[in-house]
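Atoms considered below: every heavy atom in the structure, side chains included; atoms not considered: hydrogens, waters and symmetry mates.
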Amino acid sequence: MGAPPVIKEHPGNVVARRNDPATLNCAASGISRIRWFRDGEEVVTSSEDQRSHRVLLPSGSLFFLRVTSTRRDSDAGTYWCVASNSYGATRSKNATLIVATLAHDFQQQADSSIKVLVGESITLPCRPPKGTPPPEVTWLRDGHQVTNSSRISVSQDGDLIITQAIQQDSAQYICRAHNVAGARQAPPSHLTVMTPPWFEEQPSNTSVASGASVELGCRARGSPSPTVTWRRMDEGMLLGRATIEDQQLVLQGVTVADSGVYVCEAVSEAGVATARATLTVIGAPVLTQRPQHLQVIHGNEAQLQCHVEGKPQPLVLWRLSTLDRTAVLPPGHSSSHASVSDDGSTLLLHQPAPRDTGTCYCWGINSGGGVSGRAEVVVVTALPPPVVGVGPKDLTVAPGGVAKFSCEVVSEAAAATVTWWYRPSAHLPSRQLSQHSHQPRTSLPKNGALIIKDVRLDDADIYSCHVTATTGSLQQEAVLNVVEDTTPMESPVLPPPPSKPRIQSWNQTAVQLSWLPNSQGSKADYQWYVVEYWRQGWTEWRVADAVITQESCVVSYLSPGHTYTFLVRAVNSQGASFPSPWSDPVTTRAKPHPTLTAHQVRQVQCRLSRSLVTLTKATATAGDCYAELELPGASGGLG
């Protein structure tokens, strides 16, 4: 007895791209006919309509020449086949034909450039284009597919997740979506894993001597490469002496003012890193104020100043001319007639006597070295008297004219006053002229001059200027002649004064002097020089040499053991110049100056070492300098 057909092969689900061929299989036994249905409607094949792209194969399978998917006609749907014969019909299982599609635009994608710090986590988003079936998402790293690891994975939504990023994660990432319909790639995303700046080399605390060049090392790394700058914490650097070379700070010719804390700063997009170091510039001692030669009256207190700067602050030591030549006075100490201030800058002499005349020394010592200064101290029983620089000259003036007498005084040791006196003739007494006298025609300017206006015949007198000071007095006089029809006299053009004479050397009876001509003098006029000198105990200045043609001379025939002061005048055909500044006093030697023995030099060094135990190696150097300064010859000699 016959039976309906038996389905031997059921159709299976098919996914096909649009316009691609596809086949839905169907096979049965005992069949006389196979028909295909889609979504409940019978499928029209080419055997029924030659224009149809669906072909029923002899096996019963349904073949699509090309899968269509348009609004009017789409092959997508649910298919089944029905096999029939004279005994009945058998229906296959359902099968689905899906027409694969894939849009072009991604629904969400990562930024083109992403930066993250090392150690941080980052998610690169990716929502693929719409498609049927849903596309599968993969990621490419520099062209190679990313595989999941303990740090890197792709989420179900398609995002790339990187945890604890490392610098090697920096790369180009591309999200790729693909299904049967094709593949799409999102625009590349550049991931940069940044490393904050860190120091491969840091600056270290440095101590150098002033004047040296310094390099403070600083090497910073990071991703991206940081920019390195330098600054001082307290104030700006002197750009002219500070340069940055290969991230290192180079300071040329450092000074004590360059001491401070320097900061190396590395800056990048990933962060900021700083390192600092202290630069200590050791300033060798420098004498900012040297002790000046001093002339002091017996019994009067006197001070010597010696200011020394350096870093660290130098220790200042003094030695008096009357002390043991190997002994020193440190700050805050005193001897029988001298004391040193707590900072060492001032030496106070108490009631000095002539025996204290000599050379005083000061030393400034620190770890950078030592420096010394010296001053000649002359203790005298009296100071030089005043001297008239430009005195009055005889004048001949016509009635109604102006008479001017000069009396310019030089008194470096004490303040001097000038008064004017007149007398009609040599046998008559003198009378003093006053600024407030009953002669309104007479004036007395502050420069010591006497001016008489509208001269009359009875003004013809002898006029004298009287100079008075605590150190002495003197006077000079001149005659005023009043004559009708006289020719006015021109004022003489006197040469300018030379420089202060310097003591070059001396011995028991002679002193060698030198000076410089005045730069404002005229070379066309022939001039010579006159040297005047004063000895302690005299009441006046005396002329040493009347004619000297050079800028130096030796004043001889002096008394041993006496103190002398000198001045120089330039002289030309018009007269003598204003006097030069007074020289420093000098005491001729009464006996040969003793010298230091080698044993005494060693005593100097040993005592300095005990006083300056905290000054390390600089002490020995300072001691050597001290000893050398004390060797004979500093005071010169003429044989």
Side-chain angles (χ1 to χ4, degrees), residues 383-397 401-423 430 432-437 439 441-453 455 459 461-481 488-501 515-522 525 527-534 538-544 546 565-583:
L383 294 175
V387 61
V388 174
V390 179
K393 305 292 183 183
D394 293 344
L395 295 178
T396 300
V397 181
V402 177
K404 180 178 180 180
F405 292 102
S406 298
C407 189
E408 297 186 44
V409 179
V410 178
S411 182
E412 297 185 16
T417 59
V418 176
T419 58
W420 281 92
W421 301 69
Y422 75 99
R423 51 183 173 159
S430 297
Q432 183 178 353
L433 290 171
S434 171
Q435 181 74 47
H436 306 290
S437 67
Q439 299 182 11
R441 296 180 296 107
T442 302
S443 61
L444 301 171
K446 291 183 179 181
N447 62 0
L450 168 64
I451 300 176
I452 304 174
K453 301 177 182 178
V455 172
D459 291 331
D461 290 324
I462 299 173
Y463 293 86
S464 62
C465 71
H466 292 217
V467 179
T468 303
T470 58
T471 56
S473 61
L474 59 92
Q475 70 179 50
Q476 289 191 8
E477 60 183 25
V479 176
L480 173 61
N481 297 307
M489 298 178 61
E490 294 184 359
S491 299
V493 180
L494 301 178
S499 68
K500 173 182 177 178
W515 57 90
L516 295 174
N518 196 301
S519 60
Q520 298 180 354
S522 174
D525 295 336
Q527 70 175 29
W528 59 95
Y529 299 97
V530 172
V531 174
E532 300 177 33
Y533 67 108
W534 174 83
W538 289 354
T539 60
E540 78 288 333
W541 290 77
R542 300 180 182 179
V543 176
T565 304
F566 301 86
L567 63 83
V568 182
R569 297 179 190 258
V571 184
N572 63 11
S573 59
Q574 301 291 315
S577 72
F578 200 76
S580 70
W582 298 352
S583 72

Task: Non-hydrogen side-chain atoms of Y529 and P517 separated by less than 4.5 Å - done: yes
Task: Closest non-hydrogen atom pair, F578 against P497 - done: O-CB, 3.0 Å
Task: Exercise: identify the closest heavy-atom pair between P498 and A570 - done: CD-N, 3.8 Å
- [ ] Quick one: pull up NE2 in H466 and CD in Q475 and give me the separation to the nearest 0.5 Å.
- [x] 4.0 Å
Task: Atom of V479, atom of N481 and distance for their closest heavy-atom approach - done: CG1-OD1, 3.6 Å
Open item on the list: Restricting to non-hydrogen atoms, name the atom on C407 and the atom on W420 that form the minimum distance, rounded to 0.1 Å.
Closed with: CB-CZ2, 3.5 Å
Task: Heavy-atom closest contact (P579 atom, R569 atom, distance) - done: CD-NH1, 3.5 Å
- [ ] Mind jotting down which residue pairs meet the salt bridge (charged side-chain N to carboxylate O under 4.0 Å, His left out) criterion with at least one end in residues 412-422? Sequence neighbours excluded, please.
- [x] none
TODO: Compare every heavy atom of V388 with every heavy atom of V467, then report the nearest pair and how far apart it is.
DONE: CG2-CG2, 4.2 Å
- [ ] State whether the side chain of W534 and the backbone N or O of L567 hold a donor-acceptor pair below 3.5 Å, judged by distance alone.
- [x] no
- [ ] Evaluate the side-chain proximity of C465 to L450: yes if any heavy-atom separation is below 4.5 Å, no if none is.
- [x] no
Open item on the list: List the residues meeting side chain to side chain donor-acceptor pair (under 3.5 Å) with W421, not counting sequence neighbours, and say none if there are none.
Closed with: T419
Open item on the list: If the condition is side-chain contact (heavy atoms from CB on, under 4.5 Å), which residues does K500 pass it with, not counting sequence neighbours?
Closed with: P581, D584
Open item on the list: Going by side-chain contact (heavy atoms from CB on, under 4.5 Å), name the residues that satisfy it together with A413, two or more places apart in sequence or in a different chain.
Closed with: L383, P384, T471, W582
- [ ] With sequence neighbours excluded, give me every salt bridge (charged side-chain N to carboxylate O under 4.0 Å, His left out) pair touching residues 464-481.
- [x] R423-E477
Open item on the list: Among residues at least two apart in sequence or on other chains, which ones pass side chain to side chain donor-acceptor pair (under 3.5 Å) with E540?
Closed with: R542
Open item on the list: When you compare the side chain of L480 with that of L395, does any pair of heavy atoms fall below 4.5 Å?
Closed with: yes
- [ ] Answer whether the closest heavy-atom distance between the side chains of I452 and Y463 falls below 4.5 Å.
- [x] yes
TODO: If the plane angle is over 60° it's perpendicular, under 30° parallel, otherwise tilted; pick one for F566 and Y533.
DONE: parallel
Open item on the list: Would you say that S583 contacts T565 through its side chain, given a criterion of any heavy-atom pair below 4.5 Å between the two side chains?
Closed with: yes
Open item on the list: When you measure from the side chain of N572 to the backbone of Q527, do you find a donor-acceptor pair of N or O atoms at a distance under 3.5 Å?
Closed with: no
